[in-house]
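Below is one structure, written out as structure tokens; the observations come after it.
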Amino acid sequence: MCWLVDGNFIYFHGMNYWLIKSEPFKYSWEQFVKDGQTFWDGVRNYAARNHLRTMKKGDLVFWYHSNEGTEIVGIAKVIKEAYQDPTTTEEAWVAVDFKPHKKLKKPVTLVQIKADKRLANMALVRLGRLSVQPVTDAEWAIVMEMAGEKP
DNA sequence: GCCAACGTTGGC
DNA sequence: GCCAACGTTGGC
């Protein structure tokens, strides 16, 4: 999120960035592309849930393969904001819908991310177990650069 | 398959 | 409200 202050004007700019983890052997990027869209459900962790709730339509989300691959492979886009998780009747939990936005030219590995001092504070490094996490504008730009993507 | 990190649960 | 025990995630 970014608030721009310009003279007498304060206006809201742009979108939030996120990262979600998917175990490719359960649900891979390739399968996601094949499906055309997916709903992200089954999250049972409050921190992750709070991030899902904050997501807005149009936000971009790094798709990270955990366990196997351990790399960011693509970008998803939020197409439906948080709603009751259909896999439970407990009201605490939500689901969010994504569609594939684009595959990264070059996947960015966890090893590369850990090796870059500028990314030392990234949640992916600091909070290893968090499955839905925010990505700052700066972190997003650095990862995109590593992926060989134009800003 | 091991284990560190961390979230959750439950006894007190 | 503390903290030990336990379960889960995820890197290696």
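All values below were derived from every heavy atom in this structure, side-chain atoms included, with hydrogens, water molecules and symmetry-related copies excluded. Just so it is clear: chains get the letters A, B, ... in the order the sequence lines come, proteins before strands, and each one is counted from 1.
Side-chain atoms of A/S131 lie closest to C/dG10 of the nucleotides B/dC6, C/dG10, C/dG11. Distance from the side chain of A/Y46 is smallest for B/dT8 among the nucleotides C/dC12, B/dT8, C/dT8.
One can place CG of A/L127 at 19 Å from P of B/dA4, the figure rounded to the nearest angstrom. For A/H65 and C/dC12, the NE2 to C1' distance is 19 Å, given to the nearest whole Å. Atom CZ in A/R44 sits roughly 12 Å away from atom P in B/dT9 (whole-Å rounding). At whole-Å resolution of the value, CG in A/L130 and C1' in B/dA5 are 13 Å apart. One atom, CD of A/E68, and another, C1' of C/dG11, lie 13 Å apart when rounded to the nearest Å. Atom pair A/K114:NZ and B/dA4:C1' shows a separation of 11 Å (rounding to whole Å applied). We find that CD of A/Q133 is positioned 15 Å from C1' of B/dG7, with the value rounded to whole Å. Following rounding to the nearest Å, A/L124 (CG) and C/dC12 (P) show an atom-to-atom distance of 10 Å.
Taking the six-membered ring for Trp and the full ring otherwise, A/W18 and A/F98 have centroids separated by 6.0 Å or more.
Side-chain atoms of A/E23 never come within 3.5 Å of backbone atoms of A/E68 as a donor-acceptor pair (strictly under, hydrogens ignored).
Of the side-chain N and O atoms in A/K21, one or more sit less than 4.0 angstrom from OP1 or OP2 of C/dG10. Contact annotation: A/Y64 side-chain N/O to C/dT9 OP1/OP2 distance is not under 4.0 Å. For C/dG10, neither phosphate oxygen OP1 nor OP2 lies less than 4.0 angstrom from any side-chain nitrogen or oxygen of A/K26.
Side-chain atoms of A/D35 and A/Q31 include a donor-acceptor pair closer than 3.5 Å. Between the side chains of A/R129 and A/S66, no donor-acceptor pair of N or O atoms lies under 3.5 Å.
One finds the OH atom of A/Y64 at 8.5 Å from the OG1 atom of A/T109 (value rounded to the nearest 0.5 Å).
Nucleic acid contact for A/R126: sugar-phosphate only, since backbone atoms but no base atoms lie under 4.0 Å from a heavy atom of the residue. Using a 4.0 Å heavy-atom criterion, one finds that A/L110 contacts the sugar-phosphate atoms exclusively.
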